[in-house]
2 protein chains.
Amino acid sequence: MNNRLKVLRAERSWSQQDLADRLGVSRQSVNAIEKGRYDPSLPLAFTIAEVFGLPIEAIFLRDGETR
Amino acid sequence: MNNRLKVLRAERSWSQQDLADRLGVSRQSVNAIEKGRYDPSLPLAFTIAEVFGLPIEAIFLRDGETR
DNA sequence: GACGAATGTAAAGCAACCTTATCATTATGT
DNA sequence: ACATAATGATAAGGTTGCTTTACATTCGTC
């Protein structure tokens, strides 16, 4: 899965720590997800979508999907 | 997380095995997710959404959300 | 009531997610 | 240049997601 976290975060001028705080997870988790080392759990994906005010599908893309 | 799997499956007259086959997971996984024993991974949630032709948010609901 | 299909559950094992702690590297600002 | 903030990575450890195998229960129908 690819994701647009880095861009969305930049649009809001949030550091990884800022985002981590809003999500209630560690900065390392944000970094790992952002760098594609692993995918968030579904509950965390929901929280991420909520924090950015976007549907999950607007943030996470399956490999190969550009949109 | 609550989910509407049982209803969506019933609308299509699919057994848990039918759905499992379409998803490429075991019947026990479908059962466990349907019964709320655990949440699917994000990639599996995407596949589920795809199979039902619905957005993830139309299938999975955070606890306490009725919609 | 008997049969098969569908469902519910559990155990054991492996992989993935997430944590804290730590260190190295790369920006940013003065 | 220096100091600090931000990012990228790793390791060890706990928890969760998913597997196979297996068995018990419920459902539909004959």
Side-chain angles (χ1 to χ4, degrees):
Chain A
M1 306 238 22
N2 300 323
N3 69 74
R4 309 207 309 122
L5 252 59
K6 186 162 189 163
V7 194
L8 296 170
R9 204 167 49 74
E11 287 174 359
R12 290 157 181 78
S13 302
W14 292 347
S15 69
Q16 292 182 346
Q17 184 65 64
D18 290 335
L19 178 54
D21 291 343
R22 288 170 200 265
L23 296 174
V25 299
S26 69
R27 179 187 67 82
Q28 287 84 342
S29 288
V30 168
N31 183 268
I33 292 166
E34 191 166 306
K35 301 297 287 183
R37 281 211 297 280
Y38 54 72
D39 299 319
S41 67
L42 185 57
L44 181 50
F46 265 83
T47 306
I48 294 172
E50 183 183 19
V51 160
F52 286 119
L54 291 169
I56 292 180
E57 286 88 345
I59 303 178
F60 298 93
L61 305 171
R62 316 183 82 161
D63 299 311
E65 293 183 11
T66 309
R67 194 156 23 144
Chain B
M1 304 240 17
N2 299 323
N3 69 74
R4 310 206 312 122
L5 251 57
K6 187 161 189 163
V7 195
L8 295 170
R9 203 165 52 74
E11 285 173 0
R12 290 157 181 78
S13 302
W14 291 348
S15 69
Q16 293 182 345
Q17 185 64 64
D18 290 335
L19 178 54
D21 290 345
R22 290 171 199 265
L23 296 174
V25 298
S26 70
R27 177 186 69 80
Q28 286 81 348
S29 289
V30 168
N31 183 269
I33 293 165
E34 191 167 306
K35 301 296 286 184
R37 295 195 302 120
Y38 54 71
D39 300 318
S41 67
L42 185 57
L44 180 51
F46 264 83
T47 306
I48 293 171
E50 183 182 20
V51 160
F52 286 118
L54 292 169
I56 292 179
E57 286 88 346
I59 303 177
F60 297 93
L61 304 172
R62 318 183 82 161
D63 300 310
E65 294 184 10
T66 308
R67 196 156 9 153

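All chains are named by letter (A, B, ...) in the order of the sequence lines, taking the proteins before the strands, and each is independently numbered beginning at 1.
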Result block: side-chain N/O donor-acceptor pairs under 3.5 angstrom for residues 39-55 of chain B, not counting sequence neighbours:
| unit_1 | atom_1 | unit_2 | atom_2 | d |
| --- | --- | --- | --- | --- |
| B:S41 | OG | B:L44 | N | 3.2 |
| B:T47 | OG1 | A:R62 | NH2 | 2.7 |
| B:T47 | OG1 | B:P43 | O | 3.2 |
| B:E50 | OE1 | A:R62 | NH1 | 2.8 |

Problem set entry | Angle by which the axis turns from one end of the helix from C:dG1-D:dC30 to C:dT30-D:dA1 to the other, five pairs per end, to 10 degrees | 60°
Distance from [X] atom [atom1] to [Y] atom [atom2], nearest 0.5 Å?
X: B:Q28; Y: B:K35; atom1: CD; atom2: NZ; value: 14.5 Å
X: A:Q17; Y: A:R22; atom1: CD; atom2: CZ; value: 11.5 Å
X: B:K6; Y: B:N31; atom1: NZ; atom2: CG; value: 9.0 Å

Problem set entry | Upstream residue (5' side of DNA chain C) when B:S41 and B:D18 are each assigned their closest nucleotide | B:D18
Problem set entry | chain B contact limits on DNA chain C, taken 5' to 3' with a cut-off of 4.0 angstrom to heavy atoms | C:dT7 to C:dA10
Exercise. What are the bounds, 5' to 3', of the part of DNA chain D that sits under 4.0 Å from heavy atoms of chain B?
Worked result: D:dG17 to D:dA22
Exercise. Hey, does the side chain of A:D18 reach the backbone of A:S15 with a donor-acceptor pair shorter than 3.5 angstrom?
Worked result: yes
For this session: For B:N2 and B:D63, indicate whether the former's side chain and the latter's backbone hold a donor-acceptor pair under 3.5 Å.
Result: no
Closest heavy-atom contact between [X] and [Y]?
X: B:R9; Y: B:L19; answer: CD-CD2, 3.9 Å
X: B:N3; Y: B:L5; answer: OD1-N, 2.9 Å
X: B:R4; Y: B:A58; answer: NE-O, 3.2 Å

Exercise. Looking at DNA chain D, which of residues 9-16 of chain B put a heavy atom within less than 4.0 Å of it?
Worked result: none
Exercise. Does anything in residues 21-40 of chain B reach DNA chain C, meaning a heavy atom under 4.0 Å, and if so which residues?
Worked result: B:R27, B:Q28, B:N31, B:K35
Problem set entry | Evaluation steps, side chain to side chain contact (heavy atoms under 4.5 Å, CB included), between A:L8 and A:E11 | CA-CA 5 Å; A:L8 296 170; A:E11 287 174 359; 3.8 Å; yes
